[in-house]
Amino acid sequence: MAQDQTITRHFFRPGTGDDGLRPPCEVACPIHTDAQRYIQLVAAGRYADALEVIRDTNALPQSIGRICAHPCEDACRRGQVDEPIAICNIKREASDGAKAEGRGYDPPRPQFGDRKVAIIGSGPSGLAAAHDLALMGIRPVVYERQPEAGGFLRTGILNYRLPKDILDEDIAYITGMGVEIRTGVAIGEDVGFDELAAEHDAVLIAVGLSESRSLPVAGVDNRGVLLAVPFLEAVNAGREVPELGKEIIVIGGGNVAIDVARSARRVSGGDVTMVCLEADHEMPAHDWEVRDAVAEGVKIVCSQGPNAIVGDGQVEGLEMKRCESVFDEQGRFAPTFCETELSTLPGDTVIISIGQMSDMSFLGGSGPELDGRGILVFDREQCATTRRGVFASGEVVTGPGAAVSAMASGKRAAIAIGKFLGVDVDFPAEPRAVNELPGYVAGMINKGARRSVPARPEDERVRDFGEVELGLGEVDGRCEASRCLLCAAGARYSETRCISCLTCVRVCPYAAPEADGNGLLKIDPDKCQACGICFTQCPAKAIDLAVLSEDDIRAAVDAALEGSGEVEFGCWYPQTRVAAEAGAVMLPCTARLSLGLVLYAFEAGAGRVHVAVCSEDDNGRFVTGHRQTRAVVEEGRRALQEIGLDPEALVLTLVKEKKCLKPQQ
Amino acid sequence: MITAERKPFEQIRAVTDQFGKVLVVGCNTCVAVCLTGGEKEAEVLASQLRIARGQDGIAGSVETVTVLRQCENEYLDAISEQVKAADLVLSTACSIGPQGIAERFPGVRVAPAMNTNMMAVVKGHHHWAEYCVACGDCGIFNTGGICPIARCAKTLINGPCGGSQGGRCEISPDVECVWQLIHDQLVSLGLEENLRKISGPKKWSSANTGGPRSMKKEGFKP
Ligand SMILES: Cc1cc2nc3c(=O)[nH]c(=O)nc-3n(C[C@H](O)[C@H](O)[C@H](O)COP(=O)(O)OP(=O)(O)OC[C@H]3O[C@@H](n4cnc5c(N)ncnc54)[C@H](O)[C@@H]3O)c2cc1C
Ligand code: SF4
Ligand code: SF4
């Protein structure tokens, strides 16, 4: 094999040109899941491998793949081109696909030492902490006062968004790792806090916000006034709610209120109206939650505040006053009302869904300190309370948010506890993201609509609690995944190899490489699209790609030749294979193929090498990519002819139908 | 910069087939910048040789190593072990490279894989053009910064000739008439009068025709 030794490096400054920037999706994710990596694996149809990447950081992959608030999608740079990647749906696709393959569901069995940690609360935060502690070899014991584990994922979120058997599978994986969950044990009632602390080497308080806030208005004592948390808990447990009528008013405009409204629609079959202080563009609930609720017939009355609950023993309606503004100049919650503009909405039930709070009474005065408002005194850095060995995580300390944020907090607490117990772990450095796409670069990227998830028809789904979203399915899942722009995964150059020839500056379609007057190069990661053209042209082998490097591609060639005498250098948009019989080496674009790699395939024993290419007019993934592919095939044929091989052994095949770039069927 | 092009593959084979252990030595300066003989191209050539020799059952090995400049001994010394272990060193540098290797390592068989072709400007990616022939007596101040010695097919110093056709040279429509360029440039500089002056005979003794050249500078000698 060629000896890859370059003497030049001794005469250049050391350095790599790699600034360690990460994709914005990963940075925005509270648990920093390598979304780009699993998206790529889904694009390649490698579901179990994708699930493994997700499991690296996420203890509840199937559940989170259904209900995540997905801050990653808000950060996704594809949103600057058309619409963000449907990252959350792709996560679900990974777990669905792996399940169909029968892989990815066997938990590891870490060995535990003699130290054990009590975790109070089996919500996402407690479960994430338990999972990570188990991997550190510390035995976690989770105490949960409800009859089943899962926290709000079980008692808050409804089956139509997160089927219970899916949650069960996620939890079974965690218990399969040896995590013990003692359900039906309320700390403070069944077991005292001190007793618990005495029996364990550390305690994690992850009790969430289990109490609903009520309203200080007249008439709240009427029959027919309900609170969100107990209502959802009852519906989730399949218990009757005898107070529920047919004309239901839900007070609140957040995500929880939406779930209350949607489940009230299902249970009662009656009319459901949400009343919130905010104007419709200010509603705290996510747009997509609002859209789903409205599609199911939920009405929304905006900019109205509750004045009084009307009724004499039984609710008859809600008297409302117009809300003039919700936030003050500093953006703080400070609603103002027009006290004279009153109106009444008739109804027989009012469900108050204006927020949750914690119940710390279980500490019984002996535990860690609470502040004047009854909130745990907490060191955010170290996840520590004021009592040594007692830590806290999740919504009880962070306030309400997304499940994945509660998990992030639990994971940090696990590290804090690990450190406390002498395990060699530390808090990871916060990753930094590439910046936005420069406008001209965004304008050069092919548009391709986001795939939407099929959902059951509205009139059918409001009649039951069956899951609403059906999953993307293989074709749309892979198409959607292949829209990913591979942010921050592009060109890396070696300062020790660069010869300042400026070739990359001349060939890059996006003007990412820039050289200063001394020929010192900088490849701007904000601009680089990872097409690989500079890699193919650099004469000094100073450039490689962070994702799918030359070595990776060589290894893929070797693997492809294990089962076949031919190689296809293909395009990883799905359904673009050009030579079914050949072993596949799938690339984000065949523009990444260098002459050296073509010859490598022949040297490694390929009798024939196929290269997929886009037609000249439909302009593939990268503006000039198809030209590079054609040029390398021509060069390759000349090189084969020179050495007495049949140039036709290098076959260029047009990818005719790129279903991915077409609108969804 | 100096540009060089690879020799036809059969010629390279005709030489290399006689040897078992072949070391292809790349040069990462001029020939790398003109994308013909740097590290990557040296590897491509080695790969082609391995496949071709393998097919014909020629025993031995083909390896590569690349230095920053083959025209400087210090860089060559860094690869002396590999060079000495090879039966043949095949250089992808301009002809200075293989000569430098031969001189530095007496007893080592060296072959050029390239033909040196010119001193060139980079017109764009994958495009170079000859701008200088090292005549040793540069006179482009009088010709608008354009060299007729290097760029006129007839090396005319009082052009154009009668073969200039619509800005093209009579030897080929692909070749631009440099005297047309000089004319246009002098017009744009307001120096058309220069065209009426006859340049006297050129001093050719400073060119390669005056015998082999070398250059020494006065000053500190280490
Ligand atoms: C209706 C609803 C819908 C939501 N929808 C979404 C969504 O779509 N996407 C999203 O990302 N997030 C959503 N969330 C938010 C998400 O559920 C929470 O962020 C998350 O569950 C908080 O996790 P946690 O572990 O901090 O607390 P919790 O999930 O509240 O878990 C705390 C657990 O501690 C137990 N516990 C409390 N006190 C004791 C005690 N003394 N002894 C033993 N056990 C105790 C509780 O029973 C509970 O099981 C939703 C929340 C609700 C209520
Ligand atoms: S385009 Fe891909 S890598 Fe970039 S932010 Fe979106 S999902 Fe992440
Ligand atoms: S040529 Fe492609 S891979 Fe190289 S810097 Fe430009 S966009 Fe990035």
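Convention: sequence-line order gives letters A, B, ...; per-chain numbering from 1. Any value given below was found using the heavy atoms of this structure, including those in side chains, with hydrogens, waters and symmetry copies removed. Values in this document were obtained by computation on a predicted structure and should not be read as measured data.
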Residue, of G644(A), A542(A), C501(A), that accumulates the most heavy atom pairs under 4.5 Å with chain B: C501(A)
For the residue pair L599(A) and R50(B), establish whether any side-chain heavy-atom pair is separated by less than 4.5 Å. no
E550(A) bridged to K40(B) by N-O distance under 4.0 Å: no
Is it the case that atom CZ in R627(A) sees more than 12 heavy atoms from other parts of the structure closer than 6.0 Å? no
Report the distance from atom CZ of F602(A) to atom CD of Q55(B), rounding to the nearest 0.5 Å. 10.5 Å
Of the backbone (N, CA, C, O) and the side chain (C-beta and beyond), which part of E10(B) lies under 4.5 Å from a heavy atom of chain A, both, or neither? neither
CD1 of I12(B) to CD1 of I643(A), rounded to nearest 0.5 Å, is 12.5 Å
Atom group of V122(B) that falls short of 4.5 Å from chain A, counting heavy atoms: side chain
Residue F141(B) excluded, over 12 heavy atoms near CZ under 6.0 Å: no
Point-to-point distance, once rounded to the nearest 0.5 Å, from SG of C538(A) to CD of E39(B): 8.5 Å
Quick one: of G124(B), A32(B), S61(B), who has the most non-hydrogen atom pairs under 4.5 Å with chain A? A32(B)
Exercise: identify the closest heavy-atom pair between P539(A) and N28(B): O-OD1, 4.2 Å
R13(B) vs E642(A) side-chain heavy atoms within contact, under 4.5 Å: no
Nearest-0.5 Å distance that lies between atom OG1 in T503(A) and atom NE2 in H126(B): 8.0 Å
Determine whether more than 12 heavy atoms belonging to other residues, nucleotides or ligands lie under 6.0 Å from atom CZ of R109(B). no
Look at atom NZ of K21(B) and say whether more than 12 heavy atoms of other residues, nucleotides or ligands are closer to it than 6.0 Å. no
Verify the neighbour count for atom CD of E81(B): are there more than 12 heavy atoms of other residues, nucleotides or ligands below 6.0 Å? no
Does atom CD of E103(B) have more than 12 heavy-atom neighbours, drawn from other residues, nucleotides or ligands, at distances under 6.0 Å? no
Any sub-3.5 Å donor-acceptor pair from Q48(B)'s side-chain atoms to A639(A)'s backbone N or O? yes
Check whether more than 12 heavy atoms from other residues, nucleotides or ligands sit under 6.0 Å from atom NZ of K216(B), and answer yes or no. no
In terms of heavy-atom pairs under 4.5 Å, which option from V33(B), I51(B), L49(B) contacts chain A the most? I51(B)
Take atom CD in E5(B); do more than 12 heavy atoms of anything else shown fall under 6.0 Å from it? no
